[in-house]
2 protein chains.
Amino acid sequence: MFTNKNTYKPFVTVDCVVFGLDKSEEIRVLLIKRAYPPFKDSWALPGGFVIENETLEEAARRELHEETGVRDLFIEQLYTFGKLNRDPRGHVISVAYYALVNLDKHPPSASTDASEAKWYKLSEIPELAFDHLKILETATNRLNSKVRYQPVGFELLPEKFTLSELQNLYETILGKPLNRRNFRSKFLKMGILEQLERQKDVAHRPANLYKFNKEKYEELTSNGFEFAISVPKHKK
Amino acid sequence: MFTNKNTYKPFVTVDCVVFGLDKSEEIRVLLIKRAYPPFKDSWALPGGFVIENETLEEAARRELHEETGVRDLFIEQLYTFGKLNRDPRGHVISVAYYALVNLDKHPPSASTDASEAKWYKLSEIPELAFDHLKILETATNRLNSKVRYQPVGFELLPEKFTLSELQNLYETILGKPLNRRNFRSKFLKMGILEQLERQKDVAHRPANLYKFNKEKYEELTSNGFEFAISVPKHKK
DNA sequence: TCAAAAGTGTTTAGTTTACACCCATGC
DNA sequence: GCATGGGTGTAAACTAAACACTTTTGA
């Protein structure tokens, strides 16, 4: 070791903002009820201390699995929070991640470490421990800009989805109504959706199902294609 | 303290990618020659350990000042690097920042802690310590997308600049030639540039000088304006 | 036959791209 | 008077936005 033995070390945690889309087509966030102090019994983002021999992303995935049972989801680093008084235990730096998941695959249940885990609608977030509200706000902002420039929305949908479901997702995340015809033609013209069979047993004209063709997306991208969803300026 | 005394703590450092624009209109990066092991005498990004009672951004600004003498520049968090073997001293997590600065204000000199500091052209980066090349690549990618969607380019220019200087900057960062008339009309139409007096003592028709009107930009932004510079797809 | 959601075409406005010539200055 | 970079107008192609009616199914 070359470092001075007295080199100061803050604590390092990871926290995860897990976004999920339920059947009612609302975005929800996974929160856990803290089983131990500080903030015992408060709602908080799943997360915890980074341990030895573990990268940050590994820590995020481990904590998510331990506290909520979910595994193998789309995850990306969000921001690192290092304000001095964000944690009563001392100088605790939190590397925040956000994750996207489809709720059909990961139903609202599974809790092990934490005393409870629950999917909350964005409009009904309870008071949160630490600076977790700020982390959550940072994550929703990031999600909002991310869906416009990268095809991450599909992570929230089931593998097969209708164009209406896709549009609903975008409207929910962007908080604005989008024109149906423009939305459809835009996505279809991109050529990144693979058309599948039609819906069955719905009480209306059955919609076509599609899946996201990742290979095609990557091929187009490497040829200069840029994924972008424009948001009308004058509609609220 | 509520934490178990045995809670594991990695080291936490900050590293800064400082971009500067010199008079020859090339982007340069500030590197320091390391005065101590590990990687003694190697070139590296300025940075160092986070100390007590200090936020991450404070640490980044302090290290920058100590090692290179520069102060008060535009700085933003980039990404946090936490791979296990990125530092021979053990588990060292680095929170990276990037900064933008005009080289006229901060000439290539000032070194205190480090044995040497130097502005390198992006095309002539020497071998770097740790994973600093990766951090630098992450930063150039970020700068590339950032200038397209936020008016940060002005941070690299002197307060008063010509439209040609602005265009040069964009061409350098984006790595593509832009059409002069389209570039000019686009920026002028935005209404975020304030026209000043003309250049003096140049051996050609003197150009108009402009400055970035931040208040105007913020006013427009709050009314739905979105800053965006499109990059022609078919030109290399 | 009705309700419910799917699907479709066209016009208009705005933006992006591409292009070539004259202008003002110092030397 | 010439070299140097500054400055301008316009047409064509494309993209975004706005709009209303018909189709298919299950109940």
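Note on naming: letters A, B, ... go to the chains in the order of the sequence lines (proteins, then strands), and numbering restarts at 1 for each one. None of the values given here were measured: they were computed from a predicted structure.
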Among the candidates [options], find the nucleotide nearest to the side-chain atoms of [X].
| X | options | value |
| --- | --- | --- |
| A:P206 | C:dA6, D:dG7, D:dT24 | D:dT24 |
| B:A203 | C:dG7, C:dG26, C:dT16 | C:dG26 |
| B:N182 | C:dT8, D:dA16, C:dA18 | C:dA18 |
| B:P232 | D:dA17, D:dT25, C:dT17 | C:dT17 |
| A:H204 | D:dA16, C:dT25, C:dA5 | C:dA5 |
| B:R180 | D:dA17, D:dA20, D:dT8 | D:dT8 |
| B:A207 | C:dT17, D:dG6, C:dG7 | D:dG6 |
| B:R205 | D:dT24, D:dG7, C:dT17 | D:dG7 |

Legend entry - Euclidean distance, A:M190 CE relative to A:Y217 OH, rounded to 0.5 Å: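 The OH atom of A:Y217 sits 9.5 Å away from the CE atom of A:M190.
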
Interatomic distance, [X] [atom1] vs [N] [atom2] [rounded to whole Å]:
| X | N | atom1 | atom2 | answer |
| --- | --- | --- | --- | --- |
| B:E165 | D:dG7 | CD | P | 11 Å |
| A:E226 | C:dT16 | CD | P | 13 Å |
| B:Y210 | D:dG6 | OH | P | 12 Å |
| A:F183 | D:dT15 | CZ | P | 18 Å |

Given [N], is OP1 or OP2 found less than 4.0 Å from the side-chain N or O atoms of [X]?
| X | N | value |
| --- | --- | --- |
| B:K186 | C:dT16 | yes |
| A:S230 | D:dT15 | no |
| A:T162 | C:dA5 | no |

Inset, instruction - Using modelled atom types only, decide if a donor and an acceptor are shared between the side chain of A:H132 and the backbone of A:A44 within a distance under 3.5 Å. - result: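 Side chain of A:H132 to backbone of A:A44: no pair is present.
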
Legend entry - Polar side-chain contact A:N179-D:dA16 base: donor and acceptor under 3.5 Å: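 By the distance-only test, no, there is no pair.
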
Legend entry - Under 3.5 Å donor-acceptor pair, A:R181 side-chain atoms to D:dA17 base atoms: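 For A:R181, whose side chain was compared with the base of D:dA17, there is no donor-acceptor pair (under 3.5 Å).
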
Inset, instruction - Under 4.0 Å between any heavy atoms, over every strand shown, what does A:S164 touch: base, sugar-phosphate, or nothing? Just pick one. - result: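 Counting heavy atoms under 4.0 Å across all strands, the contact made by A:S164 is with sugar-phosphate only.
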
Inset, instruction - Determine the contact category for B:K189: base if any of its heavy atoms lies under 4.0 Å from a base atom, sugar-phosphate if only primed atoms, P, OP1 or OP2 are that close, otherwise nothing. - result: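 Sugar-phosphate: the residue B:K189, judged by heavy atoms under 4.0 Å, touches backbone atoms but no base.
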
Legend entry - Heavy-atom side-chain proximity of B:I27 to B:L156 below 4.5 angstrom: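 Answer yes - side chains close enough.
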
Inset, instruction - Taking all heavy atoms of B:Q167 and all of B:N179, pick out the closest pair and write down the distance. - result: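 Closest approach of B:Q167 to B:N179, heavy atoms only: NE2-C, 3.9 Å.
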
Inset, instruction - Decide, yes or no, whether a salt bridge links A:K146 with A:E76 under the criterion of side-chain N to carboxylate O below 4.0 Å. - result: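 Yes, charged N to carboxylate O under 4.0 Å.
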
